[in-house]
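Working notes, structure below.
Chain naming here is simple, since letters A, B, ... match the order of the sequence lines and numbering starts at 1 in each.
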Number of protein chains: 2
Amino acid sequence: MDAVFKALADESRRSILDHLYNQGGLTLGDICEPFVESMSRQAVMKHLKILEEAQLITIVWSGREKHHYLNPVPIHAIQDRWIRKFEKQRMDALSALKHALEGTTPKTKGKKHGSS
Amino acid sequence: MDAVFKALADESRRSILDHLYNQGGLTLGDICEPFVESMSRQAVMKHLKILEEAQLITIVWSGREKHHYLNPVPIHAIQDRWIRKFEKQRMDALSALKHALEGTTPKTKGKKHGSS
DNA sequence: TTGACATGTAACCATTTAGTTGCATATACT
DNA sequence: AGTATATGCAACTAAATGGTTACATGTCAA
């Protein structure tokens, strides 16, 4: 989980994921193309390694060519196990903040959500 | 957007957000409590500054006390502008990968999604 | 078999990050 | 007024990060 958040923290890596979203099965060389002017092949490799370790991409070898596929599962997991929670209470949180800004209640009292 | 991803990349910061989710309006001191064994107050302050700059939290001053509120809007934005996209094509991507693993098609042909 | 091509590994470097300690300032309480 | 409390700021440090260059390996094709 932490590995996924860390992997997504970098704009270049998010951009790589975008490219693999647009077209699956790209080789390392293919992935490098859009970054030729901005980054070396080795730099891209490092990013791919991080994405792979976070299981955000899957590698399929075919001879000397390494094909990369987006694996949407970890993104789904984050959506499901992390974002959903905040999403669910979105209105709650916003209204609590509103009250605070109005000086009505400095703290949200008696409304602990509990971690179970 | 990048600031939000960067802010969420750190476990301590995600933990702080969790605490603010459970109870809004916590002061700096309150937020420090769970971390008293692991981190100094100044370290927590730095995390809060990063969270604030990413607009993930909102500050409300009351005298000398600084109250913190979760702002779920940026998380919602990420869900909406970033994760949704991958979520939508989840099955597509997975089946493309499956085909690749079976050696059926090395690349996803004629299926570019286009960025518009 | 030889050369070109696709990828890998290693050593190094600059910057950022996450933390520290020490000191300063502002507000509340008695 | 004087003291305790709540927060802020600055300087410093160690480790992680994102990048580089140089060299190595493995596979395809003439």
Side-chain angles (χ1 to χ4, degrees), chain A residues 1-20 23-54 56-69 100 103 106-107, chain B residues 1-20 23-54 56-69 100 103 106-107:
Chain A
M1 191 86 161
D2 187 63
V4 180
F5 275 110
K6 288 238 161 66
L8 295 181
D10 187 89
E11 165 60 34
S12 303
R13 286 192 289 268
R14 291 197 303 275
S15 177
I16 289 174
L17 290 181
D18 275 344
H19 284 111
L20 290 177
Q23 175 144 23
L26 298 177
T27 67
L28 172 57
D30 295 335
I31 296 170
C32 285
E33 250 176 76
F35 303 101
V36 229
E37 304 263 303
S38 62
M39 222 190 299
S40 72
R41 178 180 54 86
Q42 285 86 340
V44 173
M45 276 184 53
K46 285 198 185 181
H47 286 306
L48 289 173
K49 196 188 165 208
I50 289 169
L51 289 170
E52 195 190 351
E53 280 169 355
L56 281 160
I57 61 176
T58 308
I59 309 298
V60 178
W61 278 95
S62 151
R64 65 179 164 177
E65 287 185 334
K66 191 191 190 185
H67 295 272
H68 300 76
Y69 290 87
K107 279 203 188 185
Chain B
M1 191 83 161
D2 187 63
V4 179
F5 275 110
K6 289 239 160 65
L8 296 180
D10 187 89
E11 167 60 33
S12 302
R13 286 193 289 268
R14 291 196 303 275
S15 177
I16 289 174
L17 291 181
D18 275 345
H19 284 112
L20 290 177
Q23 175 145 22
L26 298 177
T27 68
L28 172 57
D30 295 335
I31 295 170
C32 284
E33 249 175 76
F35 302 101
V36 82
E37 302 262 303
S38 61
M39 224 191 298
S40 71
R41 178 180 55 86
Q42 285 87 341
V44 174
M45 276 184 54
K46 285 197 183 180
H47 286 306
L48 290 173
K49 196 189 166 206
I50 289 169
L51 289 170
E52 195 190 351
E53 281 169 355
L56 281 159
I57 61 176
T58 309
I59 309 297
V60 177
W61 278 96
S62 152
R64 65 178 165 179
E65 287 185 333
K66 192 190 189 185
H67 295 272
H68 300 76
Y69 290 87
K107 278 202 187 186

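- Side-chain atoms of B:Thr27 come within 3.5 Å of backbone atoms of B:Asp30 as a donor-acceptor pair (strictly under, hydrogens ignored).
- Distance B:Ile50 CD1 to C:dT17 P: 7 Å, rounded to the nearest Å.
- Residue order along DNA chain D, read from the 5' end via each residue's closest nucleotide, puts B:His68 first among A:Ser38 and B:His68.
- Note that the CZ atom of A:Arg13 and the CG atom of A:Leu8 stand 8.5 Å from one another [nearest 0.5 Å].
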Discussion item. I need a per-nucleotide contact map over nucleotides 25-30 of chain C, read 5' to 3'. Cutoff is protein heavy atoms under 4.0 Å; write B for the base, S for backbone only, - otherwise.
Written reply: --BS--
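- Note: CD1 (A:Ile57) to P (C:dT7) measures 12 Å, nearest angstrom.
- The distance between atom CD of A:Glu52 and atom C1' of C:dG8, rounded to the nearest whole Å, is 13 Å.
- The separation between B:Met39 atom CE and C:dT21 atom P is 13 Å, rounded to whole Å.
- Rounding to whole angstrom units, CD of residue A:Glu53 and P of D:dA16 are separated by 14 Å.
- In this entry the distance linking NE2 of A:His67 with P of D:dT27 reads 14 Å, nearest Å.
- With respect to the salt-bridge test (charged N to carboxylate O, under 4.0 angstrom), the residues A:Arg14 and A:Glu11 qualify.
- Comparing A:Lys66 and A:Lys6 by the nucleotide of DNA chain C that holds the closest heavy atom to each, the one mapping nearer the 5' end is A:Lys66.
- With hydrogens and angles ignored, the 3.5 Å screen pairs no side-chain donor or acceptor of A:His67 with any backbone N or O of A:Val60.
- Between B:Lys49 and B:Glu53 the shortest side-chain heavy-atom distance falls below 4.5 Å.
- Distance CG (B:Leu51) to P (C:dT17): 14 Å, rounded to an integer number of Å.
- Within the model, atoms CZ of B:Phe35 and NE2 of B:His19 stand 5.5 Å from one another, a figure rounded to the nearest 0.5 Å.
- Taken from CD1 in A:Ile50 to NZ in A:Lys6, the straight-line distance is 11.0 Å, to the nearest 0.5 Å.
- Under the side-chain contact (heavy atoms from CB on, under 4.5 Å) rule, B:Leu26 has a single partner from B:Ile16, B:Ile57, B:Leu20, which is B:Leu20.
- C:dT7 atom C1' lies 11 Å from atom CD1 of A:Ile59, rounded to whole Å.
- Near DNA chain C, meaning a heavy atom under 4.0 Å from it, residues 40-49 of chain B has B:Ser40, B:Gln42, B:Ala43, B:Lys46, B:His47 in order of number.
- Note that NE2 of B:His68 is 6.0 Å distant from CG of B:Leu28, once rounded to the nearest 0.5 Å.
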